[in-house]
Amino acid sequence: MSDTLFTGIAQLVSPAQGLQRGRAMRTLTQINDAALLVREGFVAWAGPRSEAPQAAQTHDLGGVAVVPGLLDPHTHAVWAGDRLADFEARISGVPYEDILARGGGIRSTMRATAAADVDALVALARPRLAALRASGATTVEVKSGYGLDFDAEVRMLRAVQRLQAEFSLVPTLLIHVPPQEGRSEYVRAVCEELIPQVVREGLATAVDVFCEKEAFTVEETRAIFGAAKAHGLHTKLHADQFHAIGGTELACGLGALSVDHLEASGEAQIRALAASGTVATLLPGVTLHLGLPAAPGRALIDAGAAVAVGTDLNPGSSPLFSTQLALALAVRLCGLTPAEALCAATVNAAHALGLQGRGALVAGQRADFLALHSADWRDLAYTLGTSPVREVWQGGRQP
């Protein structure tokens, strides 16, 4: 591929490359009347248009703002069935325990997903991923976790693997819901059978665990993390969504890539995250949809933590199909500034996925970027109800 010089950039705005913590998250580089040189899918140069090098071809973006492509570090985009009856019951005041007793809740999604083959799961997930990409997500993490039985978990990951031919995806094995009987045997089988199979087939880069009162204990999580690390996989954690039971502290101590949710995090969890290299991933769609308290994004950043933001796209607690909207909600619900939210959805989200070379528009990074409708980048955090993203570019090309 020959060099392409992108011009017509009213503002080129980017965080610094690499993980950004605390106050550094609000520091962005802004170049007015800018140009961007892309070579072989990577940024070769970025700077004022008046200083731009020569290129074999040029592409005029028409005087708009350009920002790095967003990364969505937490989705459950592969599922079957729906939770519309659950939604109607919940807003009518029916307790979740009663919804479960009626056959609804997460176990209804698990039944529907377990009954679907790979072809069906691919067909269902494709438009969801297309919506995320149109909203600005140039890289998306997708978890399993609705299978319970191992065959269904593997089918979910095989669906993600197939979709990688169309989208830039990061697959994660999620150990989500414990069985109603035989917990210890299930955890042992996860460690000794499921994780080794996933590694043999190259189906995931990380293992995530839901550590909560109604899910897996801290000690069960520790065992699963040990098996993941022994097989060369990264670790991630769902924690503090409803109760802080020690999962965040465990994950920070064991060097997990991220701890996600954090709606119930308190001072001890904030201190642990601020003192660690683990990213705190906020999921404001859950706050909007379920009415939970927002994760303490402002307190985390003020304490010096590294914060990311994702959609948590799923059928039950966050039917949020826009990564840009997750960024905008992090500003309104979690107290981030627009600059911090952009950093959270780019370089810090990349770190939460164990990725290097994405999230910043500097030389050597992959040329994933967004051309907005507006000439002011702050529309990315401001706009609600319609997309401020005009064009999505991945590796210097439009997908």
For residues 188-196, run the donor-acceptor check on the side chains, cut-off 3.5 Å, and write out each pair with its distance to 0.1 Å, sequence neighbours left out.
from	atom 1	to	atom 2	distance (Å)
R188	NH1	E192	OE1	3.1

Would you mind checking if D86 and R90 are paired as a salt bridge, meaning a charged N to carboxylate O distance below 4.0 Å? no
Determine, for R298 against E340, whether the closest basic-nitrogen to carboxylate-oxygen distance falls under 4.0 angstrom.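 Salt bridge present between R298 and E340.
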Ring pair (Phe, Tyr, Trp, His ring centres under 6.0 Å): which pairs involve [range], sequence neighbours left out?
{"range": "residues 303-340", "value": "none"}
{"range": "residues 361-399", "value": "F6-F369, F6-W393, H59-W393, F369-W393"}
{"range": "residues 252-291", "value": "H74-H261, F87-H289, H238-H261"}

For R155 and A116, indicate whether the former's side chain and the latter's backbone hold a donor-acceptor pair under 3.5 Å.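 Answer holds: yes.
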A303 versus I270, closest heavy-atom pair with distance: CB-CG2, 3.7 Å
Of the non-hydrogen atoms in L36 and A46, which two are nearest, and what is the gap between them?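 What the structure gives for the nearest pair is CD1-CB, 3.8 Å.
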Quick one: are [X] and [Y] in side-chain contact, heavy atoms under 4.5 Å?
{"X": "D312", "Y": "L320", "value": "no"}
{"X": "R390", "Y": "L372", "value": "no"}
{"X": "L203", "Y": "P171", "value": "no"}
{"X": "T337", "Y": "I301", "value": "no"}
{"X": "L283", "Y": "S318", "value": "no"}

Which is it for Q365 and S14 under the side-chain contact (heavy atoms from CB on, under 4.5 Å) test, yes or no, and what are the steps along the way? CA-CA 12 Å; Q365 298 268 299; S14 176; over 6 Å; no
To the nearest 0.5 Å, what is the distance between CG on L257 and CD on E141?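 Spacing of CG (L257) from CD (E141) equals 10.0 Å.
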For a side-chain contact (heavy atoms from CB on, under 4.5 Å) check, start with the C-alpha distance between K236 and T281, then their side-chain angles and the critical distance, and finish with the verdict. CA-CA 10 Å; K236 299 167 66 69; T281 299; 5.5 Å; no
Residues in ring pair (Phe, Tyr, Trp, His ring centres under 6.0 Å) contact with F216, at least two apart in sequence or another chain: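 Listed in chain order: nothing, the list is empty.
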Full working for side-chain contact (heavy atoms from CB on, under 4.5 Å) between L157 and E201: CA-CA 10 Å; L157 291 172; E201 296 190 30; over 6 Å; no
For residues 59-79, which residue pairs pass the salt bridge (Lys or Arg N to Asp or Glu O under 4.0 Å) check, not counting sequence neighbours?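 Checked against salt bridge (Lys or Arg N to Asp or Glu O under 4.0 Å) - neighbours excluded - no pair reaches residues 59-79.
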Please name the residue in the list D368, T139, T346 that meets the side chain to side chain donor-acceptor pair (under 3.5 Å) test with R358. T139
Between the side chains of S374 and D379, does any donor sit under 3.5 Å from an acceptor? yes
Looking just at side-chain N and O atoms, do T172 and D208 make a donor-acceptor pair shorter than 3.5 Å?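 Side chains of T172 and D208: no pair found under 3.5 Å.
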